[in-house]
Amino acid sequence: MGLEAAAAGGDGEQESKTPNPTAGERSSSSLLPRYNSPLVQVILIGLVCFCCPGMFSALSGMGGGGQVDPTAANNANTALYAAFAVFGVLGGGIYNVLGPRVTLPLGCATYALYAGSFLYYNHYKRQGFVVGSGAVLGVGAGLLWAGQGAIMTSYPPPNRKGGYISLFWSVFNTGGVVGGLIPFALNFHQGDGGGSVTDGTYIGFMCFMVAGALLSLAILPPSKVIRDDGSQCTQLTYSKPSTEAIEILKLFGNWKMLLIAPAAWASNFFYTYQFNNVNAARFNVRTRGLNNVFYWGAQMVGSFAIGHILDFSFESRRRRGFVGIGIVATIGTAVWAGGLADQLDYSYGKLPPKLDFMDSGPKFAGPFVLYFSYGLLDALFQSLVYWVIGALADESEVLSRYVGFYKGVQSAGAAVAWQLDTKKVPMLTQLVVNWGLTTVSYPLLVVLVALAVKDEVKGEREGKSSSENKIGCEDDERGRPV
């Protein structure tokens, strides 16, 4: 895994035999982490995603893009995820050719356009601009998430990938928390009479998204990021389009990617059901904003919990993977069972009265806890899958392709899910399909961990890099490969 990418680096591997003690000395002599450290770079990409996908998540989480009629948002999301499915797969190759300083700002800029299209729709009720903006966002999101995945999975030391994934997930989902507060505050006085959200809601989202595009310029390319042991995250230079085209095509015959495909398909498929058929169907506008604060807040809790388990629960990395899958499968079964019990009480033809967090009393508690639990499960599930991907390889070039494939399949599933909702496929059917998709993915992840994830050698558990597994390119102080 990653050997072909290492070979592409040419004689750079030989040059990396000399450690960079200066980087480690700077880390230990300063209270602040180095700008070119993996920690700072993962935090930066987390802040970028806080501003762009985080705010997008808050906008989507209101159901129907904050509109009374979700049709425009559903069609826009179908266009978005159809384009994302293509450019998610291609995004890893584009990132490897152009690097983060080009792909990330381009990707971020498309989020502001999408939020602005709903501001336009608030006044003119014309779907064309909204749907077109969704397709453009699908292209941009493919670029952004391929770069994000490469940074999050390849920059950290191998024995801390779970912790760095949970750190990113928490910073990113703080965007959803803040984004949930925006519609909650601006629409607070609408109460039960509220329909679409105010113009100020969309303008607030756009301001954050523009800030994220500017912040993305601060992300360093992987060759300039130095770990605390002095090793570079990668020695690879930018790839060639022809190389990337060949490597991307190979992914569709890669048995590891085929095993992860069902989990990828499921991982955004459930958003449509949760946002439109739970949050939007059961709660009024201001309460939907409040619910999203807790939905994305639950993700911060879930990501930290599963990250700790995947990094520290056992000495064996493979055993940690098995335990993580077992925990997520158990919690997932419980959450979807609770969702089934709730869904049996309503349908498209028998919608319940809208719940309000102040006026509905005890009736509010059950659906609220369920929606919170959906957010918790999302973080557990996706953090687990990212950890498995990160354990399959270590080079940024390889992982950007793997994550791109994951995001492409994920987005194809989401495109289908949004259209299923537009066609008014029964809510109960949507729930059962979501539960089935996640359940099928767990045994396949077990097989993948068993066959493809290797236990770390002693040096890796102590924070050293492994030349044998292409994790960094360093020897220890005695000249022995670790």
Side-chain angles (χ1 to χ4, degrees), residues 35-57 80 83-84 86-115 133 135-156 164-165 167-169 171-176 179 205-225 233-234 236-239 241 244 248 386 389-390 395-408 410-411:
Y35 174 62
N36 67 336
S37 67
L39 176 63
V40 169
Q41 295 300 307
V42 169
I43 291 174
L44 281 174
I45 192 63
L47 290 172
V48 169
C49 290
F50 164 98
C51 293
C52 295
M55 295 299 151
F56 168 82
S57 296
L80 189 165
F84 198 170
V86 176
F87 281 87
V89 176
L90 298 178
I94 295 172
Y95 174 83
N96 288 341
V97 173
L98 299 179
R101 292 259 172 100
V102 176
T103 54
L104 296 182
L106 286 177
C108 290
T110 62
Y111 284 85
L113 176 67
Y114 180 78
S133 298
V136 172
L137 176 55
V139 176
L143 301 179
L144 173 59
W145 281 105
Q148 171 273 335
I151 292 168
M152 185 179 69
T153 56
S154 69
Y155 284 19
Y164 276 72
I165 290 170
L167 173 63
F168 163 81
W169 209 255
V171 176
F172 157 50
N173 283 302
T174 304
F205 286 142
M206 291 171 67
C207 290
F208 275 101
M209 291 167 175
V210 170
L214 296 174
L215 183 60
S216 68
L217 296 171
I219 303 293
L220 293 175
S223 60
K224 294 185 178 180
V225 180
C233 290
T234 181
L236 295 172
T237 56
Y238 294 149
S239 183
E244 291 304 317
I248 288 171
Y386 270 118
I389 292 173
E395 286 289 352
S396 172
E397 194 172 30
V398 176
L399 286 170
S400 66
R401 299 183 195 121
Y402 284 0
V403 173
F405 180 88
Y406 168 73
K407 299 301 292 186
Q410 178 188 73
S411 301

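Only a predicted model underlies this, so the values are computations on that prediction, with no experimental measurement involved.
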Ignoring hydrogens, what is the shortest heavy-atom contact between [X] and [Y]? Give both atom names and the distance.
X	Y	value
G390	T153	CA-CB, 4.1 Å
P105	P100	CD-O, 3.5 Å
A213	A109	CB-N, 4.2 Å
G212	C51	CA-CB, 3.5 Å
G92	A146	N-CB, 3.4 Å
V48	C108	CG1-SG, 3.5 Å

Gap separating the [atom1] atom of [X] from the [atom2] atom of [Y], nearest 0.5 angstrom:
X	Y	atom1	atom2	answer
I219	I45	CD1	CD1	4.5 Å
C52	M209	SG	CE	7.0 Å
L90	F84	CG	CZ	12.0 Å
L47	L215	CG	CG	6.0 Å

Inset, instruction - Answer yes or no: is there a donor N or O on one side and an acceptor on the other, between the side chain of Y35 and the main chain of A218, under 3.5 Å? - result: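 Answer holds: yes.
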Legend entry - Steps toward side chain to side chain contact (heavy atoms under 4.5 Å, CB included) verdict (R101, L220): CA-CA 7 Å; R101 292 259 172 100; L220 293 175; 3.2 Å; yes
Inset, instruction - With side chain to side chain contact (heavy atoms under 4.5 Å, CB included) as the test, would you mind laying out the steps for M55 and M206 before giving the verdict? - result: CA-CA 9 Å; M55 295 299 151; M206 291 171 67; over 6 Å; no
Side chains of [X] and [Y]: does their closest heavy-atom pair fall under 4.5 Å?
X	Y	value
N36	Q41	no
L104	L144	yes
Y114	L80	yes
V139	T110	no
Y111	F208	no
V171	V42	no

Legend entry - Reference residue I151; test side-chain contact (heavy atoms from CB on, under 4.5 Å); the match among F168, Y164, Y95: Y95
Legend entry - W145 ring center within less than 6.0 Å of F172 ring center: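 Under 6.0 Å, so yes.
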Inset, instruction - Let me see the working for F56 and L137 under side chain to side chain contact (heavy atoms under 4.5 Å, CB included), right down to the final yes or no. - result: CA-CA 10 Å; F56 168 82; L137 176 55; 3.8 Å; yes
Inset, instruction - Decide side chain to side chain contact (heavy atoms under 4.5 Å, CB included) for R401 and N96; before the verdict, give the C-alpha distance in whole Å, the side-chain angles of both, and the deciding distance to 0.1 Å. - result: CA-CA 9 Å; R401 299 183 195 121; N96 288 341; 3.8 Å; yes
Inset, instruction - Not counting sequence neighbours, which residues clear ring-ring contact (aromatic ring centres under 6.0 Å, His included) with F405? List them please. - result: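 Once residues adjacent in sequence are excluded, the partners of F405 under the ring-ring contact (aromatic ring centres under 6.0 Å, His included) criterion are F252.
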